[in-house]
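The first residue of the sequence shown is numbered 1, and numbering continues consecutively from there. The basis for the numbers below is simple: all heavy atoms, side chains too, and nothing from hydrogens, waters or symmetry mates.
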Amino acid sequence: MLSDYPVFPILLSTDLDAARTYYHDVLGLEILREDPDDRIVFRAGAGTQIAVTKSTVGTSDTQTQMAWRVPDIQAALADLRARGVRIEEYVAPDPVTTDGVADMGHSWAAWFIDPSRNVLAVVQPKG
């Protein structure tokens, strides 16, 4: 049953004002609704949503919390960089990046980090 329904990620934020600025002003996502003390919901592609909720601790995880599937990773990175987003570079034992992009075998991927240290990615499937 659940395989028939869309999902939306819920990210943690220690600073909702910084999250609003980052996701709306920097990444360009539309705000659908907002409770300034609790959460902000943003519109993403194909009718999906991202909720960012207030947390006192944020996230301590260094793995990817959310990824956008894109048709052209180089175009996505050019757009993100033009918006002032810093693309992460990694070396072994992490996936090794070249100009921000890692070859993951099945896809190419690149990562960036939001103000609450959530690790975000853009991923271009191969083939």
Any salt bridge (Lys or Arg N to Asp or Glu O under 4.0 Å) pairs touching residues 88-106, not counting sequence neighbours?
R81-D99, R86-E88, D103-K126
Shortest non-hydrogen contact between [X] and [Y], atoms and distance:
X: P125; Y: S107; answer: CA-CB, 3.7 Å
X: I73; Y: V122; answer: CD1-O, 3.6 Å
X: L29; Y: H24; answer: O-ND1, 2.8 Å
X: S116; Y: D15; answer: OG-N, 4.0 Å

Qualifying residues under side chain to side chain donor-acceptor pair (under 3.5 Å), relative to [X], sequence neighbours excluded:
X: D114; result: Y23, N118
X: R43; result: E30
X: D72; result: none
X: D25; result: none

In one Ile/Leu/Val/Met/Phe/Trp/Tyr side-chain cluster, 4.5 Å: V41, V26:
no
Do the side chains of I31 and L16 join up, straight or via other hydrophobic residues, at under 4.5 Å, putting them in one cluster?
yes
List for me each residue that meets salt bridge (charged side-chain N to carboxylate O under 4.0 Å, His left out) alongside [X], sequence neighbours excluded, and say none if there are none.
X: D17; result: R20
X: D35; result: none
X: R39; result: none
X: R117; result: none

For Y22, all residues meeting ring pair (Phe, Tyr, Trp, His ring centres under 6.0 Å), sequence neighbours excluded
none
Under the ring pair (Phe, Tyr, Trp, His ring centres under 6.0 Å) test, which residues partner Y90, sequence neighbours left out?
W111
Pick out which of V119, I10, L12, I113 makes a side chain to side chain contact (heavy atoms under 4.5 Å, CB included) with Q65.
V119
Treating T64 as the side-chain partner and M66 as the backbone partner, does any N or O pair qualify as donor plus acceptor under 3.5 Å?
no
Taking the side chain from K54 and the backbone from T14, do they hold a donor-acceptor pair closer than 3.5 Å?
yes
Could you check whether any side-chain heavy atom of [X] comes within less than 4.5 Å of a side-chain heavy atom of [Y], counting everything from C-beta outward?
X: W108; Y: L77; value: no
X: P95; Y: M104; value: yes
X: V7; Y: T48; value: no
X: I87; Y: F112; value: yes
X: R69; Y: V123; value: no

Only pairs at least two apart or in different chains count here, so list each ring pair (Phe, Tyr, Trp, His ring centres under 6.0 Å) that has a residue in residues 46-73.
none
In Å, rounded to the nearest 0.5 Å, how long is the span from CG of L120 to CD1 of I50?
8.0 Å
